There are 2 protein chains.
Amino acid sequence: MARPRKEQELDIARRAVEETIRLLAQQGDFDVPLTSVAQAVGCTAPALYGHFRNKNALLRAARDEGFGRLYNEKFAVFEQMRGDPFGYLRDGSYAYARFALENPTLYRLMFSPPPKLGVSDDPWSSEAGRQVLSLLLTGLRSSQEHGYLPGADLQRYGFMFWSTIHGAVSLNIQNRLLDHAAKWDSTQSVIDALMEMIAATGPAKHPITS
Amino acid sequence: MARPRKEQELDIARRAVEETIRLLAQQGDFDVPLTSVAQAVGCTAPALYGHFRNKNALLRAARDEGFGRLYNEKFAVFEQMRGDPFGYLRDGSYAYARFALENPTLYRLMFSPPPKLGVSDDPWSSEAGRQVLSLLLTGLRSSQEHGYLPGADLQRYGFMFWSTIHGAVSLNIQNRLLDHAAKWDSTQSVIDALMEMIAATGPAKHPITS
DNA sequence: TCCAAGAACTGAATGACATTCAGTTTGAGG
DNA sequence: CCTCAAACTGAATGTCATTCAGTTCTTGGA
């Protein structure tokens, strides 16, 4: 029993990442046995070593895929909101929070990875996070051009903005006493408070309705 | 070779927690082998099972100890700042951030614990976090009595305040490209921005100097 | 069409650990 | 002094990750 039929050529790498993300969500924890990933894919554990140097590399790939998905969701909102930077900041933040609350374990893998993943060695990983941040900065810059946050240091405010949302999402994910709806309400409340503060700096009469 | 001399009666439990925290910091990761904790304490791994149900219980104890230390540091600032609630908010936040940046792995264990720790089952753990939050709320309440944040919903602002600082600290801990000083500067900048916003709502003439 | 080379897997072996268990030694009460 | 229970220990078990020596397809040339 060895080399399989030609049908499933390069599927293993893609499927392994996919199944890893699924198992991550299912088990709610990082320590997914390689064996179960292999079983879900339909091969044996050693076969995965032909596609990933080791388990950490597989988790890194899952993490990168997570950043890709998050970026895509934020980018979709970005395009849909062209011309309304304030609306983008709000709905982009909602999208970010929704992604985090719907994929809590993946989100934790993205933003609180075990150091042994060797994330710092991989230029890609910090790049992916940077792309998400740059999308936020673009939104802030546009908002500033529309009269909000006059004279503010965007780098500084951008980081604070991100910190607030990341913090709210992290604390809510961690709090097991809350159900999904309560986590969402709590996070949304923080985002709304943040948007109110930005709205207060801008041209009057901007409704906060979502 | 079995039961040791009477000298080190109940030291093992205490020392195990201490050494675990030390090894956590040294290895920068949660998966500290029980064997190394035992070795550091001066016993064998099975001996630890007489004091902790399992490794997760030991990590939970280390986590609780972390909350205790954080609370003590914040409480010290609190007592030292009686009568200056705004100053307490600022210096208490600095103390919080300093604790997190100086004990990054312990902080991660406290706020992004692996679900398998079974933290949710333990009423103590959420209690410890709640005590830290209540200290913040007391500071906000006092600040409000001194004229800041007039009419604000403190529960809501308290959570946003905590989210911002926790987020800034988490993102800075995670960013391996920054050295310690840079992480501190970045975090301090977020805290200062937050304090400026609160100061802006209060009685005029409050200097922001630290 | 047939064949050699190597790609892509597999089963079995190795090594870390956590956890359990059957002793073994020592302190304390009678 | 003697018995008992507490507090440990060494050895055994089980769960992974990772490695390795085969084994079986696929492919490109004769």
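This is a predicted model, so every value here is computed, not measured. Per chain, numbering begins at 1; letters A, B, ... match sequence-line order.
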TODO: Using a cut-off of strictly less than 4.0 Å, decide whether A:T44 has a side-chain nitrogen or oxygen near OP1 or OP2 of C:dC9.
DONE: no
Open item on the list: Restricting to ring pair (Phe, Tyr, Trp, His ring centres under 6.0 Å), what partner residues turn up for B:F159, sequence neighbours left out?
Closed with: none
- [ ] Verify the contact: side-chain N or O of B:T35 to OP1 or OP2 of C:dC17, cut-off strictly under 4.0 Å; return yes or no.
- [x] no
Open item on the list: Show me the pairs that pass salt bridge (Lys or Arg N to Asp or Glu O under 4.0 Å) and involve residues 43-56 of chain B, at least two apart or across chains.
Closed with: none
Open item on the list: In this structure, how many angstroms lie between the C1' atom of D:dT19 and the CZ atom of A:R53, rounded?
Closed with: 15 Å
TODO: Using atom CZ of A:F52 as one end and atom P of D:dT18 as the other, report the distance to the nearest whole Å.
DONE: 13 Å
TODO: Mind calculating the distance between CG (A:L34) and C1' (C:dT14) to the nearest angstrom?
DONE: 16 Å
Open item on the list: Less than 4.5 Å apart, side chain to side chain, heavy atoms only: is that true for A:F86 and A:H146?
Closed with: no
Open item on the list: Taking ring pair (Phe, Tyr, Trp, His ring centres under 6.0 Å) as the definition, give me every residue that meets it alongside A:F161, ordered by chain and number, with sequence neighbours left out.
Closed with: none
Task: Nucleotide D:dT18, atom P - distance to CG of A:L48 in whole Å - done: 11 Å
Task: Between C:dG15 (C1') and A:K55 (NZ): distance, integer Å - done: 16 Å
- [ ] Kindly write out the residues that satisfy ring pair (Phe, Tyr, Trp, His ring centres under 6.0 Å) with A:Y71, not counting sequence neighbours, or none if the list is empty.
- [x] A:F75
Table please: side-chain donor-acceptor pairs of residues 27-39 of chain A below 3.5 Å, with sequence neighbours left out.
unit_1, atom_1, unit_2, atom_2, d
A:D31, OD2, B:K116, NZ, 2.9
A:S36, OG, A:P33, O, 2.7

TODO: Would you mind reading off the distance between B:Y49 atom OH and C:dT19 atom C1', rounded to a whole angstrom?
DONE: 5 Å
Open item on the list: Is A:H51 close enough to C:dA8 that one of its side-chain N or O atoms is under 4.0 Å from OP1 or OP2 there?
Closed with: no
Open item on the list: Any residue in residues 24-33 of chain A with a heavy atom nearer than 4.0 angstrom to DNA chain D? Just list them by number, or reply none.
Closed with: A:V32, A:P33
Task: Nucleotide C:dA16, atom C1' - distance to NZ of A:K116 in whole Å - done: 12 Å
Task: Interatomic distance, B:I12 CD1 vs D:dA7 C1' [rounded to whole Å] - done: 8 Å
Task: Candidate pair B:F111 and B:H166, rule ring pair (Phe, Tyr, Trp, His ring centres under 6.0 Å), full reasoning - done: CA-CA 9 Å; B:F111 289 104; B:H166 168 67; 5.3 Å; yes
